[in-house]
Amino acid sequence: MAMPKPLPRAYFNRPTLTVARSLVGKYLVRENRKGTVAGKIIEVEAYIGSNDQACHASKGRTARTDVMFGPAGLAYVYLIYGMHHCLNVVTEREEFPAAVLIRAVEVDGELIDGPGRLCRAFEVDRSLHRLDLTIGKSLWFEDRGVDVPHGRVGRFPRIGVDYAGKWANKLWRFRMRLSK
DNA sequence: GATAAGATCATCT
DNA sequence: GATGATCTTATCA
């Protein structure tokens, strides 16, 4: 086994839907004082550009959304509903706000379903906001050679964005069919 | 099984 | 002062 390398910035600096689709089957790795946890990515959602009403950056560049305008490969972590953290990775070129939300992973065969639970399991909180995920410190993504056939990944509407009008109907959620 | 409501706070108006 | 890229628990059928 070669020394695992984090996915590089060039990987994330591509069209968001491409990144989202190909992140399914990759691994999310969390390293902290308690050790290392790695989870296979099962489900993601794409949030793309200031026209996308469901994307936080559609309301303009603010202190919170600023990171999405930055370089690809940074972490966008925020608190939602007062109690849950959500983990995103910024995609595309600078000045173009877009990100991929990590919704579900599988750790040791156990499904961690939902961004809030995921962040609790991986101990992701706002201290990781703006972290560079391409340097392999604390949190990063890895390609462990898992090949996900095209037919195994379904496309669905995004969750919890009914307010976003026609953007709510975009099939920008990617979920891997669970094998058994 | 399905649906509804409550928790709780950073961020924006 | 309103609201949300959610999750858990309670209540009903």
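Letters go in sequence order (proteins before strands), and every chain restarts at 1.
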Could you check whether A/G116 gets within reach of a base, just the sugar-phosphate, or nothing at all, counting any heavy atom under 4.0 Å?
sugar-phosphate
At less than 4.0 Å, is any side-chain N or O atom of A/Y163 found next to OP1 or OP2 of C/dA5? Yes or no.
yes
Is there a side-chain polar atom (N or O) of A/R117 under 4.0 Å from OP1 or OP2 of C/dT8?
yes
If pairing means Watson-Crick or G-U wobble with both distances under 3.5 Å, then the partner of B/dT8 is none
In whole angstroms, how far is the C1' atom of C/dC7 from the CZ atom of A/R103?
11 Å
Between P on B/dA10 and NE2 on A/H129, what's the gap in Å once rounded to a whole number?
14 Å
Could you tell me the separation between the CG atom of A/L79 and the C1' atom of C/dT6, rounded to a whole number of Å?
10 Å
Look at the side chain of A/Y78 against the base of C/dA5 and say whether a donor-acceptor pair falls under 3.5 Å; ignore hydrogens and angles.
yes
Ring of A/F174, cation from A/R21 - is the NZ or CZ under 6.0 Å from the centre and inside 45° of the axis?
no
Of A/R126 and A/H84, whose closest DNA chain B nucleotide lies nearer the 5' terminus?
A/H84
Gap between atoms CD and P, on A/E45 and C/dA5 respectively (whole Å)
10 Å
Strictly below 4.0 Å, N to O, side chains only: are A/D52 and A/R158 in salt-bridge contact?
yes
A/T65/A/Y76 under side-chain hydrogen bond (donor to acceptor under 3.5 Å, both in side chains): CA gap, chis, key distance, verdict
CA-CA 8 Å; A/T65 62; A/Y76 170 36; over 6 Å; no
Value in whole Å for how far the P atom of B/dC12 lies from CD1 of A/I80:
12 Å
Is A/R120 near enough to C/dT8 that one of its side-chain N or O atoms lies under 4.0 angstrom from OP1 or OP2?
yes
Under 3.5 Å, is there a donor-acceptor pair between the A/S50 and A/S58 side chains?
no
Given atom NZ of A/K170 and atom C1' of C/dA5, what is their separation to the nearest angstrom?
17 Å
Pair A/E45 + A/R175: basic N to acidic O under 4.0 Å
no
Categorize A/R158 for me: base, sugar-phosphate, or nothing, with a 4.0 angstrom heavy-atom threshold over every strand shown.
nothing
Let me know the distance between CZ of A/F122 and P of C/dT6, rounded to the nearest Å.
18 Å
Within the structure shown, what part of the strands sits under 4.0 Å from A/L101 by heavy-atom distance: base, sugar-phosphate, or nothing?
base
